[in-house]
Amino acid sequence: MHSVRKTHRAALISTLQQELERLSASELQVVSVCVVDSGIDASHPALAGRVSEAYAIHREGGEAKVVPVDVAANNDAFGHGTAVASIICDLAPNARIIDVRLLDERNRSDLTAMKKALQFVLEKKTRLVNLSLAAPHQMHDPLVRFCERAYYQDQIVVAAKRNLPIPDAGYPAVLSSCIGVDTQAFASRFAFKFRKRDSIEFVAMGEDIRAAQSGGGYTTKVGTSFATPVITGMCALLLGVYDDLESFEVKTILKALSLECR
Amino acid sequence: MTAAESPLASTLGILPRTSEETVLRLLLELGMRVVGAEEASLLVHEPRENALVFVMTIGRHESEQVLRGQKVPLGRGVTGLAAVTGEVQIGAPTYKDLDYAERVNEKGEPEAVIAAPMLKGDELIGVITAVSFDRAKRFGQKDGEVMMCCAMIAAVVVEQHQRLKAYENASPIPSGSPQSRNESDATDLEIVSTVSALMRCPSAKRRQVAALLSAVQAIIRDA
(Lines give C-alpha, C1' and ligand atoms only; values in the text may rest on other atoms or scores of the structure.)
Protein backbone atom coordinates (compact mmCIF):
# COMPACT_ATOMS: atom_id res chain seq x y z
CA MET A 1 0.00 0.00 0.00
CA HIS A 2 2.84 2.34 0.96
CA SER A 3 4.74 1.69 -2.26
CA VAL A 4 1.54 2.20 -4.29
CA ARG A 5 1.01 5.55 -2.55
CA LYS A 6 4.63 6.51 -3.22
CA THR A 7 4.27 5.60 -6.89
CA HIS A 8 1.11 7.67 -7.20
CA ARG A 9 2.75 10.59 -5.45
CA ALA A 10 5.81 10.41 -7.70
CA ALA A 11 3.54 10.36 -10.77
CA LEU A 12 1.55 13.32 -9.43
CA ILE A 13 4.71 15.33 -8.73
CA SER A 14 6.04 14.54 -12.18
CA THR A 15 2.76 15.75 -13.67
CA LEU A 16 2.79 18.90 -11.54
CA GLN A 17 6.39 19.67 -12.49
CA GLN A 18 5.53 19.20 -16.13
CA GLU A 19 2.69 21.59 -15.45
CA LEU A 20 5.19 24.15 -14.09
CA GLU A 21 7.19 23.82 -17.28
CA ARG A 22 4.02 24.23 -19.33
CA LEU A 23 3.05 27.28 -17.29
CA SER A 24 6.42 28.78 -18.01
CA ALA A 25 5.56 28.68 -21.70
CA SER A 26 1.98 29.90 -21.44
CA GLU A 27 0.33 33.28 -20.99
CA LEU A 28 0.39 34.47 -17.42
CA GLN A 29 -0.42 37.59 -15.46
CA VAL A 30 2.48 39.90 -14.80
CA VAL A 31 4.03 39.57 -11.35
CA SER A 32 6.39 42.21 -9.95
CA VAL A 33 9.52 41.05 -8.14
CA CYS A 34 11.81 43.28 -6.07
CA VAL A 35 15.38 42.02 -6.43
CA VAL A 36 17.48 43.49 -3.62
CA ASP A 37 21.04 42.81 -4.69
CA SER A 38 24.12 44.33 -6.33
CA GLY A 39 22.08 45.95 -9.11
CA ILE A 40 21.13 44.60 -12.54
CA ASP A 41 22.54 44.99 -16.03
CA ALA A 42 19.20 45.71 -17.70
CA SER A 43 21.01 46.32 -20.99
CA HIS A 44 21.75 42.59 -21.23
CA PRO A 45 19.73 40.88 -24.01
CA ALA A 46 18.44 38.28 -21.52
CA LEU A 47 16.80 41.07 -19.49
CA ALA A 48 15.53 43.24 -22.34
CA GLY A 49 12.22 44.78 -21.32
CA ARG A 50 12.12 42.83 -18.06
CA VAL A 51 13.38 45.47 -15.62
CA SER A 52 10.61 48.00 -15.05
CA GLU A 53 12.25 50.23 -12.41
CA ALA A 54 15.73 50.64 -10.95
CA TYR A 55 16.94 52.21 -7.72
CA ALA A 56 20.11 52.45 -5.69
CA ILE A 57 20.56 52.95 -1.95
CA HIS A 58 22.98 55.87 -1.48
CA ARG A 59 24.66 56.82 1.79
CA GLU A 60 24.84 60.52 2.51
CA GLY A 61 26.37 61.33 5.87
CA GLY A 62 24.63 59.18 8.44
CA GLU A 63 21.53 58.63 6.32
CA ALA A 64 20.51 56.36 3.45
CA LYS A 65 18.39 57.46 0.50
CA VAL A 66 16.65 55.59 -2.29
CA VAL A 67 17.69 57.15 -5.58
CA PRO A 68 16.15 56.24 -8.96
CA VAL A 69 18.76 55.21 -11.54
CA ASP A 70 18.68 54.73 -15.31
CA VAL A 71 16.69 51.53 -15.84
CA ALA A 72 18.31 50.87 -19.22
CA ALA A 73 21.88 51.00 -17.94
CA ASN A 74 24.18 48.48 -16.32
CA ASN A 75 23.62 49.10 -12.62
CA ASP A 76 25.35 45.95 -11.46
CA ALA A 77 28.20 46.59 -9.02
CA PHE A 78 29.89 43.21 -9.50
CA GLY A 79 27.74 40.78 -11.46
CA HIS A 80 25.63 39.13 -8.79
CA GLY A 81 22.25 40.80 -9.29
CA THR A 82 22.27 40.32 -13.06
CA ALA A 83 22.64 36.57 -12.69
CA VAL A 84 19.91 36.43 -10.04
CA ALA A 85 17.46 38.47 -12.13
CA SER A 86 18.16 36.44 -15.27
CA ILE A 87 17.37 33.18 -13.49
CA ILE A 88 13.99 34.55 -12.35
CA CYS A 89 13.18 35.87 -15.81
CA ASP A 90 14.28 32.68 -17.52
CA LEU A 91 11.95 30.54 -15.38
CA ALA A 92 9.04 32.99 -15.20
CA PRO A 93 8.38 34.94 -18.40
CA ASN A 94 5.68 36.87 -16.50
CA ALA A 95 8.12 38.30 -13.94
CA ARG A 96 8.85 42.03 -14.04
CA ILE A 97 11.84 43.09 -12.00
CA ILE A 98 12.26 46.11 -9.76
CA ASP A 99 15.99 46.51 -9.28
CA VAL A 100 17.06 47.68 -5.81
CA ARG A 101 20.83 48.00 -5.63
CA LEU A 102 21.90 47.59 -2.00
CA LEU A 103 25.24 45.80 -2.27
CA ASP A 104 28.40 47.58 -3.37
CA GLU A 105 31.32 46.21 -5.43
CA ARG A 106 32.53 44.41 -2.29
CA ASN A 107 29.18 42.65 -1.84
CA ARG A 108 28.72 44.72 1.32
CA SER A 109 26.17 47.01 2.79
CA ASP A 110 25.43 48.35 6.25
CA LEU A 111 22.57 48.34 8.74
CA THR A 112 21.30 51.80 7.80
CA ALA A 113 21.26 51.12 4.06
CA MET A 114 19.64 47.72 4.52
CA LYS A 115 16.85 49.14 6.71
CA LYS A 116 16.19 51.75 4.05
CA ALA A 117 16.03 49.12 1.32
CA LEU A 118 13.61 46.98 3.32
CA GLN A 119 11.40 49.98 4.06
CA PHE A 120 11.35 50.79 0.34
CA VAL A 121 10.43 47.22 -0.59
CA LEU A 122 7.47 47.32 1.82
CA GLU A 123 6.32 50.59 0.26
CA LYS A 124 6.50 49.09 -3.26
CA LYS A 125 4.26 46.21 -2.14
CA THR A 126 5.51 43.85 -4.88
CA ARG A 127 4.12 40.33 -4.48
CA LEU A 128 7.60 38.84 -4.50
CA VAL A 129 10.89 39.87 -2.92
CA ASN A 130 14.15 38.08 -3.74
CA LEU A 131 16.96 38.43 -1.20
CA SER A 132 19.96 36.45 -2.43
CA LEU A 133 21.93 37.61 0.58
CA ALA A 134 22.47 36.48 4.14
CA ALA A 135 22.60 39.16 6.80
CA PRO A 136 24.38 38.72 10.14
CA HIS A 137 22.62 38.23 13.47
CA GLN A 138 22.77 41.98 14.19
CA MET A 139 20.07 42.37 11.54
CA HIS A 140 17.77 39.84 13.27
CA ASP A 141 15.28 42.31 14.77
CA PRO A 142 14.81 44.57 11.72
CA LEU A 143 14.51 41.53 9.47
CA VAL A 144 11.91 39.89 11.71
CA ARG A 145 9.88 43.11 11.59
CA PHE A 146 10.32 43.32 7.82
CA CYS A 147 9.30 39.71 7.15
CA GLU A 148 6.30 39.92 9.48
CA ARG A 149 5.06 43.09 7.83
CA ALA A 150 5.70 41.70 4.38
CA TYR A 151 3.72 38.58 5.28
CA TYR A 152 0.70 40.56 6.47
CA GLN A 153 0.64 42.62 3.29
CA ASP A 154 0.89 39.48 1.14
CA GLN A 155 4.47 39.92 0.04
CA ILE A 156 6.39 36.68 -0.29
CA VAL A 157 10.05 36.98 0.75
CA VAL A 158 12.42 34.37 -0.69
CA ALA A 159 15.92 34.44 0.82
CA ALA A 160 19.21 32.58 0.49
CA LYS A 161 20.86 30.45 3.13
CA ARG A 162 24.44 31.50 3.87
CA ASN A 163 26.67 29.31 1.67
CA LEU A 164 28.86 28.25 4.58
CA PRO A 165 26.58 28.32 7.66
CA ILE A 166 29.13 29.95 9.98
CA PRO A 167 28.22 31.48 12.39
CA ASP A 168 24.62 30.80 11.32
CA ALA A 169 22.55 29.93 8.26
CA GLY A 170 21.84 33.61 7.60
CA TYR A 171 18.98 36.05 8.03
CA PRO A 172 16.22 36.29 6.95
CA ALA A 173 16.37 32.80 5.40
CA VAL A 174 16.06 31.10 8.81
CA LEU A 175 12.88 33.00 9.69
CA SER A 176 9.61 31.09 9.36
CA SER A 177 7.82 34.06 7.78
CA CYS A 178 10.25 33.82 4.87
CA ILE A 179 10.97 31.09 2.29
CA GLY A 180 14.58 30.04 2.95
CA VAL A 181 16.50 28.31 0.14
CA ASP A 182 19.51 26.00 0.11
CA THR A 183 21.20 24.52 -2.95
CA GLN A 184 22.03 21.22 -4.57
CA ALA A 185 22.19 19.76 -8.07
CA PHE A 186 19.01 18.55 -9.74
CA ALA A 187 18.35 17.07 -13.17
CA SER A 188 15.82 19.82 -13.89
CA ARG A 189 15.65 23.44 -12.73
CA PHE A 190 11.95 22.83 -12.02
CA ALA A 191 12.85 20.22 -9.42
CA PHE A 192 13.29 21.14 -5.78
CA LYS A 193 12.90 19.65 -2.30
CA PHE A 194 11.13 20.55 0.93
CA ARG A 195 12.84 19.87 4.28
CA LYS A 196 10.40 19.41 7.13
CA ARG A 197 11.23 21.09 10.46
CA ASP A 198 14.41 22.62 9.06
CA SER A 199 15.04 26.33 9.42
CA ILE A 200 15.85 26.36 5.68
CA GLU A 201 12.85 24.62 4.20
CA PHE A 202 13.55 24.50 0.49
CA VAL A 203 16.43 23.17 -1.62
CA ALA A 204 16.57 24.22 -5.26
CA MET A 205 18.86 24.02 -8.26
CA GLY A 206 21.92 26.14 -7.53
CA GLU A 207 24.67 24.05 -9.10
CA ASP A 208 25.94 24.89 -12.54
CA ILE A 209 22.78 26.88 -13.29
CA ARG A 210 22.72 29.04 -16.41
CA ALA A 211 22.70 32.78 -15.89
CA ALA A 212 23.40 36.03 -17.70
CA GLN A 213 26.74 37.70 -17.10
CA SER A 214 26.85 41.41 -16.36
CA GLY A 215 28.39 43.21 -19.34
CA GLY A 216 27.31 40.51 -21.80
CA GLY A 217 27.50 36.78 -22.34
CA TYR A 218 26.28 33.85 -20.31
CA THR A 219 27.85 31.63 -17.70
CA THR A 220 26.94 29.06 -15.08
CA LYS A 221 26.68 29.85 -11.40
CA VAL A 222 26.95 27.93 -8.14
CA GLY A 223 25.54 28.80 -4.75
CA THR A 224 22.48 29.49 -2.64
CA SER A 225 22.27 32.98 -4.18
CA PHE A 226 21.33 31.35 -7.48
CA ALA A 227 19.04 28.66 -6.06
CA THR A 228 16.93 31.36 -4.41
CA PRO A 229 15.72 32.97 -7.68
CA VAL A 230 14.66 29.51 -8.86
CA ILE A 231 12.08 29.39 -6.05
CA THR A 232 11.20 33.03 -6.70
CA GLY A 233 10.57 32.10 -10.32
CA MET A 234 8.30 29.21 -9.27
CA CYS A 235 6.33 31.59 -7.05
CA ALA A 236 5.99 34.02 -9.97
CA LEU A 237 4.57 31.24 -12.15
CA LEU A 238 2.02 30.25 -9.49
CA LEU A 239 1.00 33.85 -8.89
CA GLY A 240 0.77 34.35 -12.65
CA VAL A 241 -2.13 31.90 -12.68
CA TYR A 242 -3.62 32.46 -9.21
CA ASP A 243 -2.85 36.04 -8.27
CA ASP A 244 -4.94 35.95 -5.09
CA LEU A 245 -2.89 33.20 -3.44
CA GLU A 246 -1.75 34.16 0.04
CA SER A 247 1.83 33.65 1.23
CA PHE A 248 1.13 30.52 3.24
CA GLU A 249 -0.80 29.02 0.32
CA VAL A 250 2.15 29.53 -2.03
CA LYS A 251 4.44 27.83 0.49
CA THR A 252 2.01 24.93 0.86
CA ILE A 253 1.74 24.47 -2.91
CA LEU A 254 5.52 24.54 -3.22
CA LYS A 255 5.74 21.87 -0.55
CA ALA A 256 3.22 19.73 -2.44
CA LEU A 257 5.21 20.15 -5.67
CA SER A 258 8.53 19.26 -4.08
CA LEU A 259 10.35 16.05 -4.91
CA GLU A 260 10.40 14.78 -1.36
CA CYS A 261 9.57 15.84 2.16
CA ARG A 262 11.62 14.51 5.02
CA MET B 1 64.41 27.92 -2.31
CA THR B 2 66.19 30.32 0.02
CA ALA B 3 64.39 32.72 2.32
CA ALA B 4 65.48 35.60 0.10
CA GLU B 5 63.83 33.98 -2.94
CA SER B 6 60.63 33.05 -1.15
CA PRO B 7 57.70 35.46 -1.57
CA LEU B 8 56.02 33.71 1.37
CA ALA B 9 58.94 34.75 3.57
CA SER B 10 58.99 38.31 2.30
CA THR B 11 55.20 38.80 2.68
CA LEU B 12 54.21 36.76 5.73
CA GLY B 13 57.58 36.05 7.27
CA ILE B 14 57.04 32.30 6.93
CA LEU B 15 60.35 30.72 6.00
CA PRO B 16 60.80 27.76 3.64
CA ARG B 17 60.77 24.29 5.16
CA THR B 18 59.23 25.44 8.44
CA SER B 19 56.23 23.73 9.98
CA GLU B 20 53.98 26.66 9.03
CA GLU B 21 55.02 26.47 5.40
CA THR B 22 54.47 22.72 5.45
CA VAL B 23 50.96 23.09 6.89
CA LEU B 24 50.03 25.65 4.25
CA ARG B 25 51.33 23.40 1.52
CA LEU B 26 49.40 20.45 2.96
CA LEU B 27 46.20 22.50 3.10
CA LEU B 28 46.57 23.36 -0.57
CA GLU B 29 47.28 19.71 -1.38
CA LEU B 30 44.27 18.53 0.64
CA GLY B 31 41.92 21.05 -0.93
CA MET B 32 43.20 20.31 -4.42
CA ARG B 33 42.74 16.56 -4.05
CA VAL B 34 39.33 16.68 -2.37
CA VAL B 35 37.76 18.95 -5.00
CA GLY B 36 39.49 17.22 -7.91
CA ALA B 37 41.51 20.22 -9.07
CA GLU B 38 44.80 20.10 -10.96
CA GLU B 39 46.47 23.02 -9.29
CA ALA B 40 46.11 25.09 -6.12
CA SER B 41 47.69 28.37 -5.09
CA LEU B 42 48.03 30.68 -2.15
CA LEU B 43 48.02 34.42 -2.77
CA VAL B 44 48.82 37.00 -0.10
CA HIS B 45 47.23 40.43 0.13
CA GLU B 46 49.62 43.33 -0.45
CA PRO B 47 47.70 46.39 0.81
CA ARG B 48 50.24 48.90 -0.53
CA GLU B 49 49.72 47.59 -4.06
CA ASN B 50 45.98 46.89 -3.66
CA ALA B 51 46.69 43.45 -5.10
CA LEU B 52 47.19 39.80 -4.33
CA VAL B 53 50.55 38.14 -4.99
CA PHE B 54 51.12 34.44 -5.76
CA VAL B 55 53.41 32.99 -3.05
CA MET B 56 52.82 29.25 -3.37
CA THR B 57 51.50 26.95 -6.10
CA ILE B 58 51.23 23.20 -6.14
CA GLY B 59 50.12 20.83 -8.87
CA ARG B 60 51.70 21.43 -12.22
CA HIS B 61 55.42 22.10 -11.72
CA GLU B 62 55.75 24.73 -14.41
CA SER B 63 52.95 26.82 -12.89
CA GLU B 64 54.88 27.53 -9.70
CA GLN B 65 57.79 28.88 -11.74
CA VAL B 66 55.48 31.06 -13.81
CA LEU B 67 53.08 32.27 -11.14
CA ARG B 68 55.33 32.95 -8.15
CA GLY B 69 55.45 36.70 -7.53
CA GLN B 70 52.72 37.53 -10.05
CA LYS B 71 50.08 39.99 -8.95
CA VAL B 72 46.28 39.98 -9.25
CA PRO B 73 44.54 43.34 -8.67
CA LEU B 74 41.80 43.26 -6.07
CA GLY B 75 38.42 42.83 -7.72
CA ARG B 76 39.78 41.30 -10.91
CA GLY B 77 38.53 37.88 -11.93
CA VAL B 78 37.26 35.22 -9.60
CA THR B 79 40.29 35.50 -7.30
CA GLY B 80 40.11 39.26 -6.99
CA LEU B 81 36.35 39.08 -6.42
CA ALA B 82 36.80 36.59 -3.57
CA ALA B 83 39.26 39.03 -2.01
CA VAL B 84 36.98 42.08 -2.12
CA THR B 85 33.74 40.29 -1.22
CA GLY B 86 35.23 38.09 1.50
CA GLU B 87 33.25 35.15 0.12
CA VAL B 88 34.05 31.99 -1.78
CA GLN B 89 33.67 32.51 -5.52
CA ILE B 90 33.26 29.72 -8.05
CA GLY B 91 34.05 30.54 -11.66
CA ALA B 92 33.00 28.87 -14.88
CA PRO B 93 33.58 29.80 -18.52
CA THR B 94 31.66 32.63 -20.15
CA TYR B 95 29.78 31.99 -23.37
CA LYS B 96 28.79 34.45 -26.06
CA ASP B 97 25.14 33.48 -26.35
CA LEU B 98 22.28 31.34 -25.10
CA ASP B 99 23.26 28.12 -26.83
CA TYR B 100 26.44 28.06 -24.74
CA ALA B 101 28.44 27.00 -27.76
CA GLU B 102 31.15 29.64 -28.20
CA ARG B 103 33.34 30.50 -25.23
CA VAL B 104 34.79 33.86 -24.39
CA ASN B 105 37.70 32.53 -22.27
CA GLU B 106 41.23 33.49 -23.15
CA LYS B 107 43.53 30.69 -24.17
CA GLY B 108 45.38 29.04 -21.31
CA GLU B 109 42.93 30.21 -18.66
CA PRO B 110 41.55 27.52 -16.37
CA GLU B 111 38.14 26.07 -17.18
CA ALA B 112 36.97 26.10 -13.58
CA VAL B 113 38.15 28.07 -10.54
CA ILE B 114 37.40 28.21 -6.85
CA ALA B 115 38.78 31.14 -4.86
CA ALA B 116 38.38 31.24 -1.08
CA PRO B 117 39.45 34.24 1.02
CA MET B 118 41.68 33.91 4.07
CA LEU B 119 40.29 36.31 6.65
CA LYS B 120 41.16 37.40 10.15
CA GLY B 121 37.89 38.95 11.24
CA ASP B 122 37.23 41.45 8.46
CA GLU B 123 40.89 41.75 7.51
CA LEU B 124 41.99 40.07 4.30
CA ILE B 125 45.17 38.01 4.64
CA GLY B 126 45.03 36.34 1.24
CA VAL B 127 43.19 33.94 -1.04
CA ILE B 128 43.61 30.28 -1.83
CA THR B 129 42.55 28.98 -5.21
CA ALA B 130 41.93 25.63 -6.87
CA VAL B 131 41.74 25.37 -10.64
CA SER B 132 41.05 22.82 -13.33
CA PHE B 133 42.01 22.95 -17.01
CA ASP B 134 39.65 20.10 -17.89
CA ARG B 135 36.90 21.44 -20.20
CA ALA B 136 34.31 19.14 -18.62
CA LYS B 137 35.13 20.05 -15.01
CA ARG B 138 32.80 22.20 -12.92
CA PHE B 139 33.16 22.90 -9.23
CA GLY B 140 30.08 22.67 -7.04
CA GLN B 141 28.81 24.08 -3.77
CA LYS B 142 30.46 21.38 -1.66
CA ASP B 143 33.81 22.02 -3.36
CA GLY B 144 33.49 25.69 -2.44
CA GLU B 145 32.78 24.75 1.17
CA VAL B 146 35.87 22.51 1.30
CA MET B 147 38.12 25.27 -0.01
CA MET B 148 36.57 27.77 2.39
CA CYS B 149 37.41 25.46 5.31
CA CYS B 150 41.00 25.16 4.04
CA ALA B 151 41.19 28.96 3.74
CA MET B 152 39.93 29.44 7.29
CA ILE B 153 42.53 27.03 8.66
CA ALA B 154 45.27 28.70 6.58
CA ALA B 155 44.25 32.08 8.04
CA VAL B 156 44.59 30.68 11.56
CA VAL B 157 48.06 29.30 10.72
CA VAL B 158 49.20 32.71 9.50
CA GLU B 159 47.69 34.54 12.45
CA GLN B 160 49.25 32.17 15.00
CA HIS B 161 52.63 32.50 13.26
CA GLN B 162 52.42 36.29 13.53
CA ARG B 163 51.48 36.14 17.21
CA LEU B 164 54.31 33.74 18.01
CA LYS B 165 56.81 35.98 16.24
CA ALA B 166 55.63 38.96 18.25
CA TYR B 167 56.06 37.03 21.50
CA GLU B 168 59.48 35.64 20.56
CA ASN B 169 60.83 38.98 19.43
CA ALA B 170 59.35 40.77 22.46
CA SER B 171 58.64 43.42 19.91
CA PRO B 172 56.24 46.30 20.49
CA ILE B 173 53.10 45.85 18.47
CA PRO B 174 53.16 48.16 15.44
CA SER B 175 50.09 50.34 15.11
CA GLY B 176 47.54 49.09 12.66
CA SER B 177 48.94 45.57 12.79
CA PRO B 178 46.50 42.68 12.99
CA GLN B 179 47.51 42.03 16.60
CA SER B 180 46.70 45.53 17.79
CA ARG B 181 43.20 45.74 16.34
CA ASN B 182 41.68 44.17 19.40
CA GLU B 183 42.54 46.10 22.54
CA SER B 184 42.35 43.05 24.77
CA ASP B 185 44.64 41.12 22.41
CA ALA B 186 47.11 44.03 22.46
CA THR B 187 47.21 44.02 26.26
CA ASP B 188 47.78 40.27 26.33
CA LEU B 189 50.59 40.58 23.84
CA GLU B 190 52.19 43.36 25.84
CA ILE B 191 52.17 41.19 28.97
CA VAL B 192 53.63 38.19 27.18
CA SER B 193 56.22 40.32 25.40
CA THR B 194 57.33 41.77 28.73
CA VAL B 195 57.61 38.34 30.32
CA SER B 196 59.50 37.10 27.28
CA ALA B 197 61.95 39.98 27.65
CA LEU B 198 62.32 39.27 31.40
CA MET B 199 63.24 35.68 30.61
CA ARG B 200 66.19 36.99 28.62
CA CYS B 201 67.60 38.84 31.60
CA PRO B 202 71.03 37.79 33.02
CA SER B 203 70.84 34.55 34.99
CA ALA B 204 72.08 36.27 38.16
CA LYS B 205 68.98 38.36 38.28
CA ARG B 206 66.53 35.64 37.31
CA ARG B 207 65.88 34.46 40.85
CA GLN B 208 64.93 38.00 41.87
CA VAL B 209 62.70 38.35 38.79
CA ALA B 210 60.98 35.05 39.58
CA ALA B 211 60.35 36.14 43.20
CA LEU B 212 58.97 39.46 42.01
CA LEU B 213 56.59 37.83 39.56
CA SER B 214 55.40 35.36 42.20
CA ALA B 215 54.62 38.26 44.53
CA VAL B 216 52.66 40.01 41.77
CA GLN B 217 50.74 36.82 41.08
CA ALA B 218 49.86 36.48 44.80
CA ILE B 219 48.60 40.07 44.91
CA ILE B 220 46.35 39.50 41.87
CA ARG B 221 45.05 36.22 43.24
CA ASP B 222 44.14 37.72 46.59
CA ALA B 223 42.63 40.91 45.17
Side-chain angles (χ1 to χ4, degrees), chain A residues 37-38 44-48 76-80 82-83 86 89-90 103-110 132-134 136 160-167 170 181-186 203-228, chain B residues 35 50 73-78 80-106 109 111-117 119 121-124 130 135-153 155-156:
Chain A
D37 213 289
S38 65
H44 195 291
L47 293 162
D76 199 336
F78 72 95
H80 193 265
T82 301
S86 73
C89 291
D90 194 24
L103 305 171
D104 62 16
E105 66 281 355
R106 302 174 76 90
N107 195 29
R108 302 280 165 86
S109 183
D110 59 49
S132 284
L133 51 88
K161 171 184 161 283
R162 196 189 304 284
N163 279 308
L164 201 63
I166 296 169
V181 187
D182 197 351
T183 176
Q184 73 170 66
F186 289 94
V203 188
M205 173 71 159
E207 298 269 347
D208 216 22
I209 184 164
R210 297 184 167 193
Q213 178 116 310
S214 174
Y218 299 83
T219 186
T220 57
K221 291 289 196 184
V222 176
T224 56
S225 288
F226 310 106
T228 301
Chain B
V35 306
N50 207 36
L74 292 189
R76 183 181 294 177
V78 175
L81 196 59
V84 297
T85 61
E87 294 184 357
V88 163
Q89 301 292 334
I90 299 175
T94 304
Y95 299 83
K96 279 193 176 167
D97 47 42
L98 270 170
D99 53 21
Y100 285 72
E102 196 179 339
R103 296 186 188 208
V104 175
N105 282 29
E106 287 179 22
E109 274 190 1
E111 292 293 321
V113 180
I114 307 176
L119 301 169
D122 283 339
E123 186 201 347
L124 177 71
R135 280 178 75 91
K137 178 71 177 174
R138 293 288 175 268
F139 293 120
Q141 176 77 358
K142 298 291 181 201
D143 300 326
E145 289 171 9
V146 166
M147 291 307 291
M148 191 65 210
C149 288
C150 291
M152 289 165 80
I153 298 169
V156 170

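Please read these numbers as outputs of a predicted model, since none were measured by experiment. To find a chain, count down the sequence lines: A is the first, B the second, and so on, and within it residues start at 1.
- Within the 4.5 angstrom heavy-atom criterion, no atom of A:Ala227 approaches chain B.
- Atoms CG and CZ, from B:Asp122 and A:Arg108 in turn, are 6.0 Å apart once rounded to the nearest 0.5 Å.
- Interface residue A:Glu105: only backbone heavy atoms are found under 4.5 Å from chain B.
- For the atom pair CD (B:Glu87) and NE2 (A:His80), the distance works out to 7.0 Å, reported to the nearest 0.5 Å.
- Heavy-atom minimum distance, B:Ala92 versus A:Thr220: CB-OG1, 3.1 Å.
- Between A:Glu207 atom CD and B:Asp143 atom CG the span is 8.0 Å, to the nearest 0.5 Å.
- Under the 4.5 Å side-chain criterion, counting only non-hydrogen atoms from C-beta, A:Phe78 is in contact with B:Thr85.
- Within the 4.5 angstrom heavy-atom criterion, no atom of B:Leu74 approaches chain A.
- There is no side-chain donor-acceptor pair under 3.5 Å between B:Glu145 and A:Asn163.
- Judged by distance alone, the side chain of B:Thr94 and the main-chain N or O of A:Tyr218 form no donor-acceptor pair under 3.5 Å.
- Within 6.0 Å of NZ in B:Lys137 there are more than 12 heavy atoms belonging to other residues, nucleotides or ligands.
- Formation of a donor-acceptor pair under 3.5 Å by the B:Arg138 side chain with backbone atoms of A:Asp208 is not found in this model.
- For the residue pair A:Thr183 and B:Gln141, no side-chain donor N or O sits within less than 3.5 Å of a side-chain acceptor on the partner.
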